[in-house]
Amino acid sequence: MEQFSPASACSKGHRRSLAVETAAGGSICFSCFAALVSDSRSPTHHVSYALSQLNFAFDDPDLLLELRERHAYLLVAPLVAALSAFDDEPLARQVMDVISDLCFRGEIRRLGLGGVSEQFTASSLSGDFIARIADRLASGTLAWSRRLIYLLHCFGELLNSHQGSSPAAHIREQDALFSNLLVGLQLPSEELRGEVLFVIYKLCQLNVTPWENVDDDDNDCVESLDAMAGSLWRLALEILLKTQHDEVRINCLALLLVLVGKGLFQNLFVNDIPGIDIKETKANGDGLMQQCPLITLFSDAIKGSLLSSDERIQISTLDLIFHMISPENCSINQLRVLVEENIPDYIFEILRLSGNKDPLVISCLQLLALFSTSEEVFKQKLVVGFSTLLSVLHYTSQIPLHPVQPHALTLVCNCISNSPGIMSISQVTEVALILTCILRRCMNGELPETFILACSTFVEILKSPSACGIKKIGDMIKEASRCSVLSSLSFPQGNPAALLMHSLALLKEAHAYSRREDGSGNSDEELEENIMVTCQNYLLPWLEKFINEEVEEDVVQEIVQTFHLILLSGSEAQTQTFANNLISSNLLTLCFAYLGLFPTDQMRSSVYLILGSLIDRAFGPSFGQPLRDAFSYLPVDPLDLIFLLGQKSSIDPQLALCQRASLLLLYVSSLSGERFADDTQVLASLEQYILVNSNYFFSGTEDSLTLAQLVHLYGLYRGSQRDEKMSYSPEAEKTLLNLLARDDLEVFSFGIHPMALKWLFQQERIMTYLSNQILKFCRLSRANESQLIVYSYGSQTMNMQLISELVVSGDNYVAQLLVSLLSELQGEGGEDDMICVLNTMTEILKKFSDASIQLCMHSFSGAIRSIYYSPYCSPQLFSSCSLLVFHVLYTTSHNVLSQEGEWLAVTVKLLEYVNPKLASQLWGQEELLVISIFCLILHHSRNQVLEEASKAILLNGALASAVENIVQTSIAKGPALVDHDEEMETGECLPFLLLLYFFSLNSFYATIQDCLDWQDLLQSSNTAPPILLISIKCHDLCRLMHFGSSLIKSLSSQCLVDLLSRISDQRERNQEELRCPMRYLQSMIAIMESLVFYEEKVVATNCSICLSKLLSCKSLGLGEKLVIRNCKWFRMIMEEFTMTLTAPSMASKFFKNLHKPASLIATALLRLDQTPEWMRSVFDISCISGVVNNLCAQSLSAEMVDLFRALLSRKYLNEDHVGCLNQIFQVCRKQVYKESSKGKAQDSSANKFISSNADFGKICNLLVNLMVSPVYREKETDQERLLREIDMFYRELSIEGRCE
């Protein structure tokens, strides 16, 4: 063994400075290491062991730093040589790992000894390796082999990881290197090509290419480099076309993307070889491939990558295509080649299989958007991928502000536009739903481009024939059109005008869609109405809001034209409503305001034309024609329109057109409540117009519509003068009224303001003209009243409502004219007109019942008498007249009923009409109506009016005999009377006769009371003397109560209450004894007792009142009192009554909620001179305590307080009872005072009127309502009577000794 000095590091005698000691205690001699790894003859296992030991040494950071700073130069060349010396792949990988660790391991930017940066050292070291490897690759001394693959791979990794200075500083022979690399691309090895592609990619990326810093003036150099670039492109595309390895594809695509980024291919497509068929090229192999057009080669090369299962390759390919076909890099012709090579089909397939992954979706849609610029060629491809686009559109629409949502919308819109019939019904519904969601989201913020495209796409859908007849789409169109308008009016960004234009385009197309008829010939009226509501609720207020702010003329014109289109093409009913709403919203004033802001010819045409159509729809066809005739001559200032009226129109035909248009605008504005100028100024212009053009009017050349508008305007402004002293022209007024009287102008056939109508009916000098107009109105209203009621915002024809208001107001001649027409029309041939007038007056009373007062103040009775006594009074006329008389008497006040002689004559004539038919008992509707009139005459006689007419009815023997006969016939039916009520003979007339008897009882008492002994009605029919007055005996009323229907029971019991009251008053007044047999009285009491439990509260209450009157009669004899005291039925009623009050759940079901009838009987029994003994046992202490404990302020009534007062007077109450009642009464008083302080609620229920005398059931109901009205009951309200009874209880309590 050789002895070596201590300075040596190894057995070879190398210096110790060329070695480093490891952390494990050993050392590494770099000279020996270099000799070992660089010798291709060295055993590979020795080389591998040496590399591993060196790699282990790198684990020591200090050692690694020392190597980089002092000994790196000893390792660079040997390691590079090792890569070129061995074909062993594992060994090559070890070498590359050592190089990588040596250059890049532990780069933490810390400062080492001497202040040298470790980062700088590592970068310098990697630069040395790059220089060494670049020199070997550029020298060409090595043959191409697998060792070259290892060297290229290491070179690529170093370029990829190198940091700091540019690699170009370390590569000396760049041109040679690049040339050798291009040669390497042509070798058949896939692995080698992949490594070369990666190296070229990194060199291009790091700007280490021959194209860097080229002098553009050196043409030879530029051409040479262009040729090299072309070769590189073609080689790369050929590799991409032929390779089956994804790694090669990735490197090739990366290289192509870098080349595209550097713009090295921009001139290649321009200089491409045209006219070579790609099919021929493919058929002839690789030789001709060199001459294949580059764009065609590109299209073939990328297809394999597009079909790759690796998502990275697909995205890189898509990015490459995107850069290649961008407008600055690719012409339309080259783009068409790609489309013809089916590249869009591959992209659509990627989209279909993408699973909605954002990177793929974004790349694909961006590409398809560029392909769409090829137009015709791309159309077919777009159709094929339409279903895929819909799924992608659905995905992007769910993500707000998605970057490619506008691209998806653009493609879908183009496809629908180019191929309208492509969509199925389900696809139409799907796309409409997606677009609706997008437009709804736009209200909260979205890209303006997205909004515009969504509107445009929806427009294309609505134009498509596939959308016709789909019912589901209607609701989506409503929502979409509404949201689009709202969004465009409040969009936070973008151009508001452009957005609004697109929303209006959608709105107009939606309206056009609503007007399309489906298979059944029906259109979508609901959608049409919704569109009009959108215009009214959003667009119109927006115009009003922004009138004083900056707004573009085009926007205003577009909105106006949208309204105009809807008015022209909409359905008649919908557009009429739309027009009325626009006019009522002061659209005229708004239009003139914008016309003042934009006084251009185009704006003037738009405004006047829409106003003409608006008036047509609101008032009738051709009504707005004057505006269309004169729109080009009309001024923009409405004050100038008024000024034009003062000129003489016969001189200038154009002036005449303008004056007609001015009158029309003033007419329409007056009906909607708008004013263009002061009323005084307008009135002066109208008067000037009348005076200047009076000869023209009287010549008959002016049309009736213009004259009617003139009359309306003049009447309106004259009627609106509040101060009678305001100046006006009597001459102009006289001229206008003379014109009316002479020409019989049809003023009331058009819309008229109520104020103008009232003024006309106040003009006495045209009474004949007004009478004729009233008659015409009556004729028309009889035929069809609905056709007269046209407008809802204030412009009305002379309809029934207006006439009724005029009649009831009383400050005009309408009522007088109506009554005078009844007299004027009498005679042969006037029957139909008279019936029209009578029916009109009846309808007026339906509207306002107070109108009867005005009729009666103008000799209504005289006119009616003349009709009844006319020889031309037909049955129909008689019926209509009688119906009117009934309504007048029913609604009028007795204060205005005068002319007693006239009413007596009417009554006598009606008696003459009805008397011959009374005996037959076959009464028709006319007879029942006459009986009803008699009832009302008797009703009014209570107030000392119509007394003579009432006596004629009361003293009519035939009528009294008929009443008696019908009552006896009905009674003879017995229990069958209930069914008999429904029959025709007497079932209909019996209620009317009972009503007649009720009203006659009150009339008797007021007119001929002294001529009648009321006790005669207590006698039986056999014993009583015959009576020549209308009368029904008490026992007959009881039989009717017992056997009759519910209505008969109610009427009979009400009559019996009044009859017993008259008898009681007579006995008290004359101190008479009761003149009736005991059995007679017992039978009456038995029937009344049985009906106390009747389900109808009115009947039960009336029977209780009758019983209480009998019980409270002071002149009852001993026998009568004995009968009452021993009556077990009274006791049973009282027991049920107390049971109901103390234990409601145990009471009889027939007795619940009927406290009032029983309480009246109980009070009457307690107030007898001698109370029945059983009353004390029924109303004992415990019973009264239970009643008081269950009592509350809400259920307290006047009858109950009266009962407690009777119990108190009989000393049935103790102090506890009184204390509890006192608390209840105090609470009740507070509630009554609180309710009364709120005011009494007005009865808003209108009187029920009848349209013909055949409605006898309604006539009966009206009379029954009158019978039970407050006129025939207590004058006090229920609350007033309750307070009065409480006061009387305390007054009774104040008497000493009343409590036990």
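- Between Phe676 and Phe592, the angle of the ring planes goes over 60°, which puts this pair in the perpendicular group of the 30/60° scheme.
- Using cut-offs of 30° and 60° on the angle between ring planes, the pair Phe598 and Tyr594 is parallel.
- Side-chain atoms of Val668 and Leu614, non-hydrogen and from C-beta on, never get closer than 4.5 Å to each other.
- Looking only at atom types and distance, the side chain of Thr600 has no donor-acceptor partner in the side chain of Gln602 under 3.5 Å away.
- Listed by chain and number, the residues in a ring pair (Phe, Tyr, Trp, His ring centres under 6.0 Å) with Phe348 amount to none (sequence neighbours excluded).
- A side-chain contact (heavy atoms from CB on, under 4.5 Å) with Leu367 holds for exactly one of Leu318, Ile362, Leu338, Asp319; it is Leu318.
- Within a 6.0 Å radius of CD in Glu526, no more than 12 heavy atoms belonging to other residues, nucleotides or ligands are found.
- The pair Glu553-Arg604 does not meet the salt-bridge criterion, since no charged nitrogen lies less than 4.0 angstrom from a carboxylate oxygen.
- With hydrogens and angles left out, the side-chain atoms of Thr436 and Glu479 include no donor and acceptor closer than 3.5 Å.
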Return a table of donor-acceptor pairs under 3.5 angstrom between the side chains of residues 527-536 and protein atoms on other chains or two or more places apart.
| from | atom 1 | to | atom 2 | distance (Å) |
| --- | --- | --- | --- | --- |
| Glu528 | OE1 | Ser571 | OG | 3.0 |
| Glu528 | OE2 | Ser571 | N | 2.7 |
| Glu528 | OE2 | Ser571 | OG | 3.2 |
| Thr534 | OG1 | Asn530 | O | 3.0 |
| Gln536 | OE1 | Asn581 | ND2 | 3.3 |

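- Closest approach of Ala756 and His712 over heavy atoms only: CB-O, 3.5 Å.
- Annotation: side chain of Asp616 is in contact with side chain of Arg628 (closest heavy-atom distance under 4.5 Å).
- Counting heavy atoms from C-beta outward, Ser484 and Phe451 have side chains that approach closer than 4.5 Å.
- Side-chain contact between Leu351 and Val361 is present, with at least one heavy-atom pair separated by less than 4.5 Å.
- For Thr575 and Arg617, the side-chain atoms include at least one donor-acceptor pair closer than 3.5 Å.
- In the displayed structure, Leu597 atom CG is contacted under 6.0 Å by more than 12 heavy atoms of other residues, nucleotides or ligands.
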Using a 3.5 Å cut-off and no angle test, enumerate the donor-acceptor pairs between side-chain atoms of residues 453-465 and protein atoms at least two apart in sequence or in another chain.
| from | atom 1 | to | atom 2 | distance (Å) |
| --- | --- | --- | --- | --- |
| Ser456 | OG | Ile452 | O | 2.9 |
| Thr457 | OG1 | Leu453 | O | 2.7 |
| Ser464 | OG | Pro420 | O | 2.5 |
| Ser464 | OG | Ser466 | N | 3.2 |

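- Checked options Thr410, Leu360, Leu393, Val392; the residue passing with Leu365 is Val392 (criterion: side-chain contact (heavy atoms from CB on, under 4.5 Å)).
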